[in-house]
Amino acid sequence: MTLQLFELVGTDAARPFSPYCWRIRMALAHKGLDHGSIPWRFTEKAAIAPHGSEKVPVLLHADKSVADSWEIANYLEDHFPDRPSLFGGEGGRAMARMINSWGDIVVNGGMFPMIVSDIPVHLGPVDADYFRKSREARLGRKLEEATAERDKSVVAFRRSLEPMRMTLKAQPFLGGAAPNYADYIVFGGFQWARVVSPFRLLAEDDPVHAWRERLLDAFDGLARKSPGFAV
């Protein structure tokens with residue numbers, strides 16, 4: 001079996017930080033699939049162009065390549081049915097699709113303005129310049145202007161997590177008694193923030209914080225081994 005994963009890194013190849021790559025890291029660990037990691041940086045688009053993508057993650061399996069975290073998760077589920085299921089059946093897969101969109105828009109989209117100015121320091125000069133120009137164009141303002149408001153905007157962000165918080169008061173994971181891909185979707189965003197920014201997104205007494213800590217301790221410390229901030 002040959003599995004290779006293109007993962008976004010900066011100057012430290014041991015610090016992968018894409019929330020979408022973390023979704024797949026956790027998915028591979030869930031299925032017990034060994035894989036190699038191919039470090040990839042923002043301006044190295046030529047390296048993944050042959051695989052039909054401009055973004056990571058990209059999974060290589062034998063002579064096939066799969067891009068996009070949701071597509072990769074489905075590929076892993078369908079091609080390794082003898083391994084633990086990521087979704088727990090087709091109903092779980094259908095519900096995870098909604099969580100995938102919620103994670104993209106509410107979780108990743110909500111935290112992005114609060115951590116964005118902390119990211120360039122982890123990048124080499126060329127990538128930092130690319131990141132700043134492209135993200136400032138997306139935001140319509142300087143990165144530092146976006147994060148200057150984070151002490152106020154974090155209140156609304158925490159409030160947006162209430163559906164997740166209520167779920168975690170009834171069960172330890174979004175997947176129920178054990179984590180599944182729904183957990184990895186949301187966890188990817190929090191691991192992204194933990195790796196690139198010292199800003200505290202969650203209060204320590206928040207059930208979401210406790211959930212994140214449980215996942216950091218899962219899979220023999222896979223996520224905690226990646227260098228990050230204690231937030």
Side-chain angles (χ1 to χ4, degrees), residues 1-7 16 18-37 51-53 55-111 160-192 206-224:
M1 181 191 306
T2 303
L3 290 167
Q4 297 284 331
L5 184 66
F6 279 97
E7 299 187 278
S18 162
Y20 305 101
C21 292
W22 271 104
R23 292 177 184 183
I24 301 307
R25 272 197 157 212
M26 300 298 278
L28 287 162
H30 180 104
K31 282 195 167 285
L33 295 169
D34 293 332
H35 71 283
S37 177
H51 306 295
S53 182
K55 301 176 182 178
V56 292
V58 173
L59 180 74
L60 307 182
H61 180 214
D63 60 349
K64 185 173 179 61
S65 59
V66 188
D68 181 80
S69 59
W70 178 252
E71 296 300 325
I72 294 171
N74 281 277
Y75 180 86
L76 294 174
E77 185 78 344
D78 296 337
H79 284 74
F80 300 96
D82 58 323
R83 302 299 184 103
S85 174
L86 290 172
F87 304 114
E90 288 307 305
R93 192 193 303 242
M95 286 189 287
R97 184 183 295 275
M98 189 281 291
I99 297 294
N100 200 68
S101 297
W102 187 78
D104 289 350
I105 297 167
V106 176
V107 180
N108 294 351
M111 65 177 60
S160 74
L161 302 176
E162 190 61 19
M164 181 179 176
R165 195 172 291 116
M166 295 300 293
T167 301
L168 294 172
K169 288 180 179 179
Q171 59 198 50
F173 298 100
L174 299 181
N180 66 13
Y181 194 65
D183 293 273
Y184 312 145
I185 289 167
V186 183
F187 175 80
F190 286 104
Q191 181 69 350
W192 170 40
D206 191 331
V208 180
H209 184 280
W211 161 87
R212 190 199 68 170
E213 292 299 300
R214 286 193 292 273
L215 278 169
L216 280 169
D217 289 334
F219 306 108
D220 296 324
L222 167 69
R224 202 180 289 280

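- Looking at every heavy atom in both residues, I72 comes nearest to P57 through CD1-O, 3.7 Å.
- One N or O on the side chain of R83 and one on the backbone of G32 form a donor-acceptor pair closer than 3.5 Å.
- Contacts of E71 classified as salt bridge (Lys or Arg N to Asp or Glu O under 4.0 Å), with partners at least two apart in sequence or in another chain: none.
- Annotation: ring-ring contact (aromatic ring centres under 6.0 Å, His included) contacts of Y181 (sequence neighbours excluded): F87.
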Given the rule in the side-chain contact (heavy atoms from CB on, under 4.5 Å) test, do I99 and I185 qualify, once you have shown the distances and angles that lead to the verdict?
CA-CA 7 Å; I99 297 294; I185 289 167; 4.1 Å; yes
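- Taking CZ of F80 as the reference point, atom OG of S85 lies at 14.0 Å (rounded to 0.5 Å).
- For I105, there are no side chain to side chain contact (heavy atoms under 4.5 Å, CB included) partners, not counting sequence neighbours.
- F190 is linked by a ring-ring contact (aromatic ring centres under 6.0 Å, His included) to nothing, counting only residues two or more places apart in sequence or in another chain.
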Is there a side-chain contact (heavy atoms from CB on, under 4.5 Å) between W211 and V186? Walk through the geometry before answering.
CA-CA 11 Å; W211 161 87; V186 183; 3.9 Å; yes
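- Take K31 and apply the salt bridge (Lys or Arg N to Asp or Glu O under 4.0 Å) test, not counting sequence neighbours, and it matches E77.
- The distance from the CH2 atom of W22 to the OG atom of S69 is 14.5 Å, given to the nearest 0.5 Å.
- Rounding to the nearest 0.5 Å gives a distance of 10.5 Å between CG of D217 and CZ of R212.
- When side chains are defined from C-beta on, T2 does not count as touching L60, because their heavy atoms never get closer than 4.5 Å.
- Taking every heavy atom of both residues into account, S160 and V106 meet most closely at OG-CG1, 3.6 Å.
- Listed for the H30 side chain is no donor-acceptor partner under 3.5 Å among the backbone atoms of M26.
- Atom CG of L59 sits about 6.5 Å away from atom CG of L28, to the nearest 0.5 Å.
- By the 6.0 Å contact criterion, CG on D82 is enclosed, its count of non-hydrogen atoms from other residues, nucleotides or ligands being greater than 12.
- For D68, the salt bridge (Lys or Arg N to Asp or Glu O under 4.0 Å) test picks out no residue, with sequence neighbours left out.
- At least one side-chain heavy atom of E213 sits less than 4.5 Å from a side-chain heavy atom of R224.
- With sequence neighbours excluded, the residues that form a side chain to side chain contact (heavy atoms under 4.5 Å, CB included) with A67 are S53, V58.
- Contacts classified as salt bridge (charged side-chain N to carboxylate O under 4.0 Å, His left out) and involving residues 18-27 (residues at least two apart or in different chains) are given here: E7-R25, R23-D104.
- Using a 4.5 Å cut-off on side-chain heavy atoms (C-beta onward), Y184 and I24 make no contact.
- With sequence neighbours left out, the salt bridge (Lys or Arg N to Asp or Glu O under 4.0 Å) criterion links R214 to no other residue.
- Interatomic distance, CG of L76 versus CG of L33, reported as 6.5 Å (0.5 Å rounding).
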Apply side-chain contact (heavy atoms from CB on, under 4.5 Å) to V107 and W102, showing your working.
CA-CA 7 Å; V107 180; W102 187 78; 3.5 Å; yes
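- Heavy atoms only, all atoms of each residue included: C21 and V56 are closest at SG-CG2, 3.7 Å.
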Extract all donor-acceptor atom pairs below 3.5 Å that involve side chains of residues 161-172 and protein atoms in other chains or at least two apart in sequence.
{"from": "E162", "atom 1": "OE1", "to": "R165", "atom 2": "NH1", "distance (Å)": "2.6"}
{"from": "R165", "atom 1": "NE", "to": "D206", "atom 2": "OD1", "distance (Å)": "2.9"}
{"from": "R165", "atom 1": "NE", "to": "D206", "atom 2": "OD2", "distance (Å)": "3.4"}
{"from": "R165", "atom 1": "NH1", "to": "R158", "atom 2": "O", "distance (Å)": "3.2"}
{"from": "R165", "atom 1": "NH2", "to": "R158", "atom 2": "O", "distance (Å)": "2.9"}
{"from": "R165", "atom 1": "NH2", "to": "D206", "atom 2": "OD2", "distance (Å)": "2.9"}
{"from": "T167", "atom 1": "OG1", "to": "P163", "atom 2": "O", "distance (Å)": "2.9"}
{"from": "Q171", "atom 1": "NE2", "to": "F173", "atom 2": "O", "distance (Å)": "2.9"}
{"from": "Q171", "atom 1": "NE2", "to": "L174", "atom 2": "O", "distance (Å)": "3.2"}

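- In terms of the side chain to side chain contact (heavy atoms under 4.5 Å, CB included) criterion, residue partners of E90 (sequence neighbours excluded) are, by chain and number, R93.
- Between the NE2 atom of H35 and the CG atom of L5 there is a distance of 5.0 Å, given to the nearest 0.5 Å.
- Every residue two or more places apart in sequence or in another chain that forms a side chain to side chain contact (heavy atoms under 4.5 Å, CB included) with R97 is listed here: W70.
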Starting from the C-alpha separation in whole Å, work towards a yes-or-no answer on side-chain contact (heavy atoms from CB on, under 4.5 Å) for Q191 and L216.
CA-CA 9 Å; Q191 181 69 350; L216 280 169; 3.5 Å; yes
